[in-house]
Amino acid sequence: MEYNIDILVAGCNTTCMHCYVNGGAAPAMDIDDFKLCMDKLSPIFRKLKDNISFTLDNELFNHPKAVEILEYIEKNCFKNYYHHGSTTGIAFLNHPKQKEVLHILKKNNWTVVSFAIHGGYLTHNRIVNNEKGLESIIKASHIFKNNGFDVWISLMITKELIKDLSKVSALLDEIAYDDILPVIPDFYPTSRLLKYQSIRCNENEYDKILEFLEKRNVSTQDLRTSIHLYNENAVMDNQNILETKMKEKLSSNETAFFHIDNKLDFYLGNTGSALKCFGNIRDLSSDDILKHILSASDNYYETSSIHYNDILNAIKNKKLKRSKENYVYPSEIAAILAMMVAVF
């Protein structure tokens, strides 16, 4: 069993339509609270070793003391920190200590930076709800690239992106990047992603993006596999084995997710999908926190209203309803969730 704790050290500059963690503006975590949090978690990291990791969200660079946070991690819990590198670029450009941020990231080999692209300027900025969205990505990409970072572009595949492919092609010539990662947006029954369904691609709409990617020498093997396996029709055609797969999922114990908000409240569940509050880190001992962690099971796709047993029951009772579009998802469970709540 593996465990991940997402620590919300600062808010985000965007409110992206596809964001399953409901990122947006929020106060930064007090630096002393962050250190207290790390001090409580450090004994757990030592005990569980490689089986536990933590991430910093929504946007580390929005914290005025991001450098101090990274220095504290470097000294106390380096091995358990997973630096995903995902950023909007906006916070980094506004950070008063850009050079110091770059220095400590490079020093610790946290040198991957990832930007999500949704379309041309107007489309992208509308989807992320920030008029400086794309402009900031272009500027930040060159700073990171010029300082020796690997820059990845996540292309969020939607109807909007496909409409804008000519604009995206021109845009990519402006961005300094090393690789492109095609992304099928995930699905959770949250308000943002329910709205996002209106621009999700169906199986037949992927031909153009596949051609676009291959012309840029981007591997499409994994994308083709997902399109083939995780469209609604393919999932429904395998309905006779879905129950078995879901039972295997329930017993697999892959990864349990937790998050700690900026007030130090400790939750079971992915950020944006709190399943249960265990209390506040200030009031919990390291042993208390460890017990809560070890009692958890795989919960990546669970929400406060839908648990894995609910998904299993929906499969058993044939409660899934496919759309006329034959939408594509990044996983079987994401497709099942969408067909459970009939979001079309």
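Quick caveat, the model's predicted, so the values are computed rather than measured.
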Polar contact flag, side-chain donor to acceptor under 3.5 angstrom, N280-D265: yes
Value rounded to 0.5 Å, distance of CG in D207 from CD1 in I227: 8.0 Å
Side chain S285, main chain D288, donor-acceptor under 3.5 Å: yes
Donor-acceptor pair, side chain of N80 and main chain of K49, under 3.5 angstrom: yes
Pairing residues for F149 by the ring-ring contact (aromatic ring centres under 6.0 Å, His included) criterion, not counting sequence neighbours: F144
Worked check of side chain to side chain contact (heavy atoms under 4.5 Å, CB included) between D186 and L193: CA-CA 8 Å; D186 216 335; L193 282 163; 5.6 Å; no
Any donor-acceptor N/O pair, S251 side chain to E248 backbone, under 3.5 Å: yes
Sequence-distant partners of S305, side chain to side chain donor-acceptor pair (under 3.5 Å), two or more places apart: T303
Test of ring centre spacing under 6.0 Å for F54 and F45: yes
Verdict with supporting geometry, E71 and K75, salt bridge (charged side-chain N to carboxylate O under 4.0 Å, His left out): CA-CA 6 Å; E71 287 174 342; K75 292 176 183 176; 5.7 Å; no
H292: partners by ring-ring contact (aromatic ring centres under 6.0 Å, His included), with sequence neighbours left out: F278
Evaluation steps, side chain to side chain donor-acceptor pair (under 3.5 Å), between H84 and D57: CA-CA 10 Å; H84 53 64; D57 281 305; 2.9 Å; yes
Results of salt bridge (charged side-chain N to carboxylate O under 4.0 Å, His left out) for D30 - residues two or more places apart only: none
SB check K321 E232 (cutoff 4.0 Å): no
N-O pairing of K159 and E325 below 4.0 Å: yes
Worked verdict on R224 versus Q221 for side chain to side chain donor-acceptor pair (under 3.5 Å): CA-CA 5 Å; R224 288 181 181 276; Q221 182 177 347; over 6 Å; no
Shared hydrophobic cluster, L181 / L134 (ILVMFWY, side-chain heavy atoms < 4.5 Å): no
Greater than 12 external heavy atoms within 6.0 Å of K35's NZ: yes
hydrophobic_cluster_shared for V9 and I289, side chain cutoff 4.5 Å: yes
Atom CG of D50 with >12 non-hydrogen neighbours under 6.0 angstrom: no
Flag, side chain of S141 to backbone of A176, donor-acceptor distance under 3.5 Å: yes
Minimum heavy-atom distance between N22 and G272, given as atom pair plus value: ND2-O, 4.0 Å
Set of residues satisfying salt bridge (charged side-chain N to carboxylate O under 4.0 Å, His left out) with respect to E2, sequence neighbours excluded: none
Closest approach of S323 to Y327 (non-hydrogen atoms, all atoms of both residues): OG-CD1, 3.5 Å
Partner residues of E243 under the salt bridge (charged side-chain N to carboxylate O under 4.0 Å, His left out) criterion, sequence neighbours left out: K247
side-chain contact (heavy atoms from CB on, under 4.5 Å), paired with L290, selected from L48, L41, I52: L48
Matching residue for N13 among N62, N58, T87 - test: side-chain hydrogen bond (donor to acceptor under 3.5 Å, both in side chains): N62
Donor-acceptor pair, side chain of R192 and main chain of C16, under 3.5 angstrom: yes
Same cluster (ILVMFWY, side-chain, under 4.5 Å), L56 and V21: no
Hphob cluster co-occupancy, L320 + V328, side-chain heavy atoms under 4.5 angstrom: no
Can you list, pair by pair, the side-chain donor-acceptor contacts under 3.5 Å of residues 168-175, counting residues two or more places apart and other chains?
from, atom 1, to, atom 2, distance (Å)
S169, OG, R216, NH2, 3.2
E174, OE1, Y121, OH, 3.4

Heavy-atom closest pair, residues V128 and T14: O-CB, 3.2 Å
Ring centers of Y308, Y301 separated by less than 6.0 Å: no
Of R282, K263, K40, the residue whose pairing with D33 passes salt bridge (charged side-chain N to carboxylate O under 4.0 Å, His left out): R282
Flag if over 12 foreign heavy atoms under 6.0 Å of NE2, H228: no
F92 reachable from I117 in the ILVMFWY side-chain graph, under 4.5 Å edges: yes
Partner residues of Y267 under the side chain to side chain donor-acceptor pair (under 3.5 Å) criterion, sequence neighbours left out: none
Side chain to side chain donor-acceptor pair (under 3.5 Å) partners of N299, counting only residues at least two apart: none
Test item: H63 side-chain N/O and M29 main-chain N/O as donor-acceptor pair under 3.5 Å: yes
Exam field: side chain H124 to backbone H118, donor-acceptor pair closer than 3.5 Å: yes
Pairwise side-chain hydrogen bond (donor to acceptor under 3.5 Å, both in side chains) hits with a residue in residues 92-104, at least two apart: none
Partner residues of E131 under the salt bridge (charged side-chain N to carboxylate O under 4.0 Å, His left out) criterion, sequence neighbours left out: none
Exam field: side chain N317 to backbone N313, donor-acceptor pair closer than 3.5 Å: yes
Ring centers of Y329, Y230 separated by less than 6.0 Å: no
Under 3.5 Å donor-acceptor, N326 side chain and N202 backbone: no
Between N76 and S42, a side-chain donor and acceptor under 3.5 Å: no
Between N4 and S53: side-chain donor-acceptor atoms closer than 3.5 Å: yes
Intermediate values then yes/no, side chain to side chain donor-acceptor pair (under 3.5 Å), Y81 and H83: CA-CA 6 Å; Y81 175 48; H83 184 75; 2.7 Å; yes
Within 6.0 Å of CG in L36, more than 12 heavy atoms from elsewhere: yes
Test of ring centre spacing under 6.0 Å for Y82 and W110: no
Pair K145 + D178, salt bridge at N-O below 4.0 Å: yes
Atom pair OG1 (T220) and OH (Y206), whose distance is rounded to the nearest 0.5 Å: 13.0 Å
Cluster companions of V112 among Ile, Leu, Val, Met, Phe, Trp, Tyr (side-chain spacing under 4.5 Å): W152
Under 3.5 Å: donor-acceptor pair, side chain of N238, backbone of I241: no
